[in-house]
Amino acid sequence: MKKSRKIAISTVNDEQIVEAWFDQNSKQSFRQSLLKWFRVHRREMPWRESRDPYRVWVSEIMLQQTQVATVIDYFRRFIRQFPTVQRLATADEQSVLRQWEGLGYYRRARQLHAAAKMIVAEFEGTFPATVDELLRLPGVGRYTAGAIASIAFDESAPILEGNTVRLFARLMGLTEDVRVSKTQKILWRFSERLVPAKGAGEFNQALMELGSLVCRDRDPNCRACPVARSCVALSLGTQREIPVASPKFEYESIREAAVVLRRGKNVLMRLCQPSERWAGLWDFPRYPFPHGDPVSNLTRLIKKDSGLDLELDEERLSLRHAVTRFRIELKCYGGRVRSGRLKRNSAFQWVSLHDIDELPLSATGRKIARSISAFF
DNA sequence: AATTCGGGGTC
DNA sequence: GACCCAGAATT
């Protein structure tokens, strides 16, 4: 008897911690308080000006792992150039990637483009309107499907992302690592139990807005919180210790070299291959920084890969940047071609200075391109 | 269950 | 520097 009771208590940490919260709190009054707050503090955002599923979809893809402030201008430009799903579907991928340049996670742009073609072809232009249909689109996972279905189609679908993870963890007083799947499951369950049958779109946006503006990562503003009375963390004074999250990765410092090789008005560029970082984007020829004499070693590397006979100058530009789990120190060299022709089906290609503006580059590639006059 | 995939904001 | 951001797909 005592034994089974003990087991029951330890399993409270799992699914039933959710039920414990709902036992202690009225979800109707929680929803009311939240929506009342949201109607006052709701921020204007370009994708909130309509409920056009296409625009909601584009915004949700852009917002994956990307802050609202960063997305706003990208969204405006993207919708200006690709105002409908049909226009996106018939665009070429390079122009889509060009609009995405600087946002990062470029797979999102390629999948968005692929999904637009799917919608036009398989759904005959009728936008997928349910979570289950939306999940068939590449780049659309559980969060994004729930967000689109609820915001654009008023489906009662739950969401879970950065803001709501933090909010829910504090509301329940969750002290477990929110990155492990067991905790994710608890958080999804919480979202499922909380989402209303009607008005889920507004409700979900209100949750995220509260997480973003009030239940902030650092410095949560509990005095301004409309649902403070439902917050276990606040009642225990542990709101600053929650959420607990294991580190995502450790940084590794690496050094690279890039080369701006000129031939007349053209510059040697390389199309990043599908298996590489920046797939589909253009980059300057780039290598791990060679040991020994960088100029002579780089000259040999480029000659081997491109087939060109060339002459390199000294270092002209040094950039530091971080990408994924790497801190990169990138040194850039200028150079001229003496003779030779490009190898066939190497990813290299001569690009005129003017055309570089139209190509999608990585953020560092664009920095090099902008200071290209320093190499001539 | 881990890793990959960017880049900028912020303290 | 270190962590976060309206995550998804792959290994």
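Below, all heavy atoms of this structure are taken into account, side chains as well, without hydrogens, waters or symmetry copies.
- Residue contacts shown for A:Y106 are limited to sugar-phosphate atoms, with no base heavy atom under 4.0 Å away.
- Heavy atoms of A:P247 sit nowhere under 4.0 angstrom from any nucleic acid atom.
- Nearest nucleotide to the A:Q111 side chain, out of C:dC4, C:dA6, C:dA9: C:dA9.
- Atom CZ of A:R107 is separated from atom P of C:dT10 by 7 Å (rounded to the nearest Å).
- The side chain of A:Q65 contributes an N or O atom lying less than 4.0 Å from OP1 or OP2 of C:dG7.
- Of the side-chain N and O atoms in A:Y105, none sit less than 4.0 angstrom from OP1 or OP2 of B:dT4.
- One atom, CZ of A:F249, and another, P of C:dG1, lie 15 Å apart when rounded to the nearest Å.
- Protein atom CD of A:E250 is 13 Å distant from nucleotide atom C1' of C:dG1, rounded to whole Å.
- Among the protein residues, A:R110 comes within range of no part of the nucleic acid, since none of its heavy atoms lies under 4.0 Å from any strand.
- Base contact: A:R48 has a heavy atom under 4.0 Å from a base atom.
- An OP1 or OP2 oxygen of C:dA8 is reached within less than 4.0 angstrom by a side-chain nitrogen or oxygen of A:T144.
- Between A:I61 atom CD1 and C:dA9 atom P the separation is 8 Å, expressed in whole Å.
- Side-chain rings of A:Y287 and A:F289 stay apart, their centers remaining 6.0 Å or farther from each other.
- The shortest distance between the side-chain N/O atoms of A:R277 and the OP1/OP2 oxygens of B:dT3 is not below 4.0 Å.
- For C:dA9, the OP1/OP2 oxygens have no side-chain nitrogen or oxygen of A:R108 closer than 4.0 Å.
- A sub-4.0 Å separation between OP1 or OP2 of B:dA1 and a side-chain N or O of A:S181 is present.
- As rounded to the nearest Å, B:dC11 and C:dA6 have P atoms that lie 14 Å from one another.
- One atom, CZ of A:R142, and another, P of C:dA9, lie 14 Å apart when rounded to the nearest Å.
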Write out a two-atom table: protein N or O, nucleotide N or O from nucleotides 8-11 of chain B, distance below 3.5 Å.
residue : atom : partner : partner atom : Å
B:dG9   : O4'  : A:Q67   : NE2          : 3.2

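- The residue from A:F82, A:W100, A:W57, A:W47 that alone fulfils the ring-ring contact (aromatic ring centres under 6.0 Å, His included) condition with A:F75 is A:W47.
- Checked against B:dA1, C:dA6, B:dG6, the side chain of A:M208 finds its nearest nucleotide in C:dA6.
- Going from atom CZ of A:R325 over to atom P of C:dC4 covers 18 Å, rounded to whole Å.
- Checking B:dC5, C:dA2, B:dG6 against every side-chain atom of A:R327, the shortest atom distance belongs to C:dA2.
- Among the heavy atoms of the strands lying under 4.0 Å from A:L103 is at least one base atom, whether or not backbone atoms are also near.
- Shown here are the ring pair (Phe, Tyr, Trp, His ring centres under 6.0 Å) partners of A:Y54, two or more places apart in sequence or in another chain: there are none.
- Within the cation-pi definition used here (under 6.0 Å to the ring centroid, within 45° of the axis), A:R286 does not qualify as a partner of A:F284.
- Here A:W100 lies out of heavy-atom contact (under 4.0 Å) with every strand.
- Following rounding to the nearest Å, A:F38 (CZ) and C:dA6 (P) show an atom-to-atom distance of 14 Å.
- In this structure, A:D217 reaches the sugar-phosphate backbone alone: every heavy-atom distance under 4.0 Å involves primed, P, OP1 or OP2 atoms, never a base.
- Considering only the side chain of A:W278, B:dG7 comes nearest among B:dG7, C:dA6, C:dA8.
- As a whole-Å value, the separation of A:L63 CG from C:dC4 P is 19 Å.
- Between A:W188 and C:dG7 there is no side-chain polar atom (N or O) within less than 4.0 angstrom of OP1 or OP2.
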Please tabulate, for the side chains in residues 189-197 of chain A, all donor-acceptor contacts under 3.5 angstrom to protein atoms that are two or more places apart in sequence or on a different chain.
residue : atom : partner : partner atom : Å
A:S191  : OG   : A:I159  : N            : 3.2
A:S191  : OG   : A:I159  : O            : 2.6
A:E192  : OE2  : A:R142  : NH2          : 2.5
A:R193  : NE   : A:E19   : OE1          : 3.4
A:R193  : NE   : A:E19   : OE2          : 3.0
A:R193  : NH2  : A:E19   : OE1          : 2.9

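- Using a distance-only test at 3.5 Å, with no hydrogens or angles considered, a donor-acceptor pair links the side chain of A:T90 to the main chain of A:Q86.
- Within the 4.5 Å cutoff, the side chain of A:L210 has heavy atoms near those of the A:P226 side chain.
- Residues A:F127 and A:F123 place their aromatic rings such that the two centres sit no closer than 6.0 Å.
- Using the six-membered ring where Trp is involved, A:W37 and A:H41 have ring planes that are parallel, under 30° apart on the 30 and 60° scheme.
- Rounded to the nearest Å, the gap between the P atom of C:dT10 and that of B:dG6 is 14 Å.
- Evaluation of atom-type donor-acceptor distances gives no pair under 3.5 Å for the side chain of A:S362 against the base of B:dG6.
- Each of A:S275 and A:V180 was assigned the nucleotide of DNA chain B with the nearest heavy atom; the assignment lying further toward the 5' end belongs to A:V180.
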